[in-house]
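This report refers to the structure that appears directly beneath it.
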Amino acid sequence: MQIATGELSGGDSRPSEDRVLSNADSTVVVVLDGVSTVTEDTPRGGWYAQTLGEEILAAHEHAHHLDLRTTLYEALTTLTTEHKLLPGSAPAATVAIVRHRPQDHMVDALVLCDTPVAVWGHFGVEVLRDERLEALVHRSPDREKMSDQLRGGCGFTAPEHLRVVQALRDHQMQHINRAGDPLAYWVASATPEAAHRAVVRSWPESEIRRLLVMTDGAQAGVEPYGLWSWDEYANACEAIGPQQVLTTIHRYEHGEDPHGVQHPRYKISDDKALAYITFGKAA
């Protein structure tokens with residue numbers, strides 16, 4: 001695989017908590033969106049995303065499991081044990097993994113929470129998603145309340161916006177990684193069993209032309225902002241590179257919709273990570 005990547009912080013001074021990692025022979029790409037604990041004194045979500053990404057690559061090198069969920073499970077188990085992480089207080093991360101198996105002429109993908117993988121082939125474009133968190137958020141009346149407030153001009157720093165965002169986060173935390181909960185969503189944290197809830201898919205290598213692996217901050221350029229269609233997004237990555245694509249999204253957020261009137265959201269700009277993958281010999 002040929003891999004081009006981009007990473008960009010959503011804030012002006014805070015380091016990004018999103019990560020893109022790949023192994024030495026460019027057969028595995030991991031994209032993660034770190035989620036910090038309640039305190040933001042240190043960017044623990046970034047530490048967790050980086051460390052989990054490294055553990056995923058190490059687990060792959062240790063044993064080439066056919067099922068990527070097993071690879072993720074082993075990485076989560078190691079990280080949870082070594083750092084004595086506890087459910088409910090540990091940082092977390094969304095995860096997407098793309099793996100090329102040249103010997104089998106196959107491409108595999110895993111998605112856990114809102115870090116999608118877009119795949120182009122003879123079938124057009126297919127977007128592999130885990131939509132459980134989005135479905136949960138849209139069930140809450142606070143989601144519509146937040147949208148109404150922002151469209152009414154309250155802005156991201158208004159106390160009423162901060163209160164409704166906290167209410168939405170509290171709503172999410174009630175359903176995170178809860179077996180037996182019909183509203184549960186799953187994310188990588190100190191519950192390794194979450195790995196088995198990931199969404200997976202495989203394609204013959206001959207059917208695939210290119211892929212995008214992205215965090216939700218990067219996905220926003222297509223959904224919901226509509227700066228590009230999916231085809232245009234991939235073409236932009238080819239033409240100007242993923243880093244410039246992320247910069248374009250960031251500039252739109254800060255320059256065209258700085259108060260969330262057109263596209264209501266939690267904050268003005270999210271962290272972003274993006275990997276653009278093609279196949280064949282490098283130029």
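Keep in mind that the numbers below use all heavy atoms, side chains included, and drop hydrogens, waters and symmetry copies.
With values rounded to the nearest 0.5 angstrom, E54 atom CD is found 13.0 Å from N23 atom CG. Remark: I56 CD1 to L76 CG distance equals 7.0 Å, nearest 0.5 Å. For the atom pair NE2 of H60 and CG of L72, the computed distance is 14.0 Å after rounding to the nearest 0.5 Å. Rounding to the nearest 0.5 Å gives a distance of 7.0 Å between OG of S269 and CG of L8. With values rounded to the nearest 0.5 angstrom, H105 atom NE2 is found 13.5 Å from E207 atom CD. To the nearest 0.5 Å, the span separating NZ on K145 from CG on L150 amounts to 12.0 Å.
The two residues V222 and S229 come nearest to each other via the heavy atoms CG2-O, 4.1 Å. Scanning both residues, C113 and V187, for their nearest heavy atoms gives CB-CG2, 4.4 Å. Closest non-hydrogen pair, L79 versus T51, comes out as CD1-CG2, 3.4 Å. Taking each heavy atom of C154 and A158 in turn, the nearest pair found is O-CB, 3.3 Å. Across all non-hydrogen atoms, the minimal contact from I249 to G217 is CG2-O, 4.1 Å. Taking every heavy atom of both residues into account, Y276 and A234 meet most closely at CE1-O, 3.8 Å.
Between I97 and V28, some side-chain heavy-atom pair lies under the 4.5 Å cut-off. Taking the side chain as every heavy atom from C-beta outward, I208 and V119 approach each other to under 4.5 Å. Taking 4.5 Å as the limit, some side-chain heavy atom of L21 sits within range of a side-chain heavy atom of L32. The closest side-chain heavy-atom distance from E238 to Y233 is not below 4.5 Å. Counting only heavy atoms from C-beta outward, the side chains of S22 and V30 never approach each other to under 4.5 Å. Side-chain contact between V31 and M214 is absent, with no heavy atoms from C-beta onward closer than 4.5 Å. Side-chain contact between D216 and T115 is absent, with no heavy atoms from C-beta onward closer than 4.5 Å. Side-chain contact between I277 and V213: present, with at least one pair of heavy atoms (C-beta onward) separated by less than 4.5 Å.
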Run the numbers on H64 and R99 for side-chain contact (heavy atoms from CB on, under 4.5 Å), then give the verdict. CA-CA 10 Å; H64 292 191; R99 176 182 62 189; 5.5 Å; no

Hey, mind stepping through W228 and N235 against side-chain contact (heavy atoms from CB on, under 4.5 Å) and telling me if it holds? CA-CA 9 Å; W228 303 278; N235 291 340; over 6 Å; no

May I have the step-by-step check of ring pair (Phe, Tyr, Trp, His ring centres under 6.0 Å) for H259 and F156, ending in yes or no? CA-CA 6 Å; H259 305 297; F156 292 111; 7.5 Å; no

Determine, step by step, whether Q172 and Y185 satisfy the side-chain contact (heavy atoms from CB on, under 4.5 Å) criterion, reporting the C-alpha distance in whole Å, the side-chain angles of both residues, the deciding distance to 0.1 Å, and the verdict. CA-CA 8 Å; Q172 293 175 48; Y185 73 100; 3.7 Å; yes

Is there a side-chain contact (heavy atoms from CB on, under 4.5 Å) between R69 and V200 once you walk through the steps? CA-CA 8 Å; R69 290 170 293 197; V200 294; 3.7 Å; yes

Start with the C-alpha distance between T247 and R251, add both sets of side-chain angles, then the distance that settles side-chain hydrogen bond (donor to acceptor under 3.5 Å, both in side chains), and finish with yes or no. CA-CA 6 Å; T247 298; R251 286 174 178 166; 5.9 Å; no

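Of the possible donor and acceptor atoms, one in the side chain of R265 sits under 3.5 Å from a partner among the backbone N and O of I268. Formation of a donor-acceptor pair under 3.5 Å by the R209 side chain with backbone atoms of S206 is not found in this model. A donor-acceptor distance shorter than 3.5 angstrom exists from the side chain of S89 to the backbone of L86, with no hydrogens or angles considered. At distances below 3.5 Å, at least one donor-acceptor pair connects side-chain atoms of Q262 with backbone N or O atoms of E256. In this structure, S189 contributes its side chain and T191 its backbone to no donor-acceptor pair below 3.5 Å. In this structure, E205 contributes its side chain and P102 its backbone to no donor-acceptor pair below 3.5 Å.
Within 6.0 Å of NE2 in H175 there are more than 12 heavy atoms belonging to other residues, nucleotides or ligands. Atom CZ of R139 has 12 or fewer heavy atoms from other residues, nucleotides or ligands within 6.0 Å. Surrounding NE2 of H62 are at most 12 heavy atoms belonging to other residues, nucleotides or ligands under 6.0 Å away.
Under a hydrophobic-cluster definition in which Ile, Leu, Val, Met, Phe, Trp and Tyr are linked whenever side-chain heavy atoms come within less than 4.5 Å, directly or via other members, M146 and V261 are assigned to different clusters. In the hydrophobic clustering of this structure, V137 does not group with V35; members are Ile, Leu, Val, Met, Phe, Trp, Tyr whose side-chain heavy atoms approach within less than 4.5 Å, directly or through other members. Residues L168 and L183 share a hydrophobic cluster, clusters being chains of Ile/Leu/Val/Met/Phe/Trp/Tyr side chains in contact below 4.5 Å. Tracing side-chain contacts under 4.5 Å through hydrophobic residues (I, L, V, M, F, W, Y), one reaches V111 starting from F123; they form part of the same cluster. Under the 4.5 Å side-chain heavy-atom criterion for Ile, Leu, Val, Met, Phe, Trp and Tyr, V199 and I176 are members of distinct hydrophobic clusters.
For the pair E223 and R129, the salt-bridge criterion is met [side-chain N within less than 4.0 Å of a carboxylate O]. Between R101 and D104 there is a salt bridge, since a side-chain N of the basic residue sits under 4.0 Å from a carboxylate O of the acidic one. Comment: R14 engages D271 in a salt bridge, judged by a side-chain N to carboxylate O separation of less than 4.0 angstrom. Here K267 does not pair with E253 in a salt bridge; the nearest charged N to carboxylate O distance is not below 4.0 Å.
Using cut-offs of 30° and 60° on the angle between ring planes, the pair W120 and W230 is perpendicular.
Not counting sequence neighbours, D142 has no partner by the side chain to side chain donor-acceptor pair (under 3.5 Å) test.
No hydrogens or angles considered: nothing links the side chains of W186 and E193 as a donor-acceptor pair under 3.5 Å. For the residue pair D257 and H263, no side-chain donor N or O sits within less than 3.5 Å of a side-chain acceptor on the partner. Counting only N and O atoms by type, the side chains of Q166 and D170 include a donor and acceptor under 3.5 Å apart.
For H83 and W47, the ring centers are positioned less than 6.0 Å apart. Centroid-to-centroid, the aromatic rings of F279 and H100 come within less than 6.0 Å.
When each of D33, T94, D18 is paired with T215, the side chain to side chain donor-acceptor pair (under 3.5 Å) condition holds for D18 and for no other.
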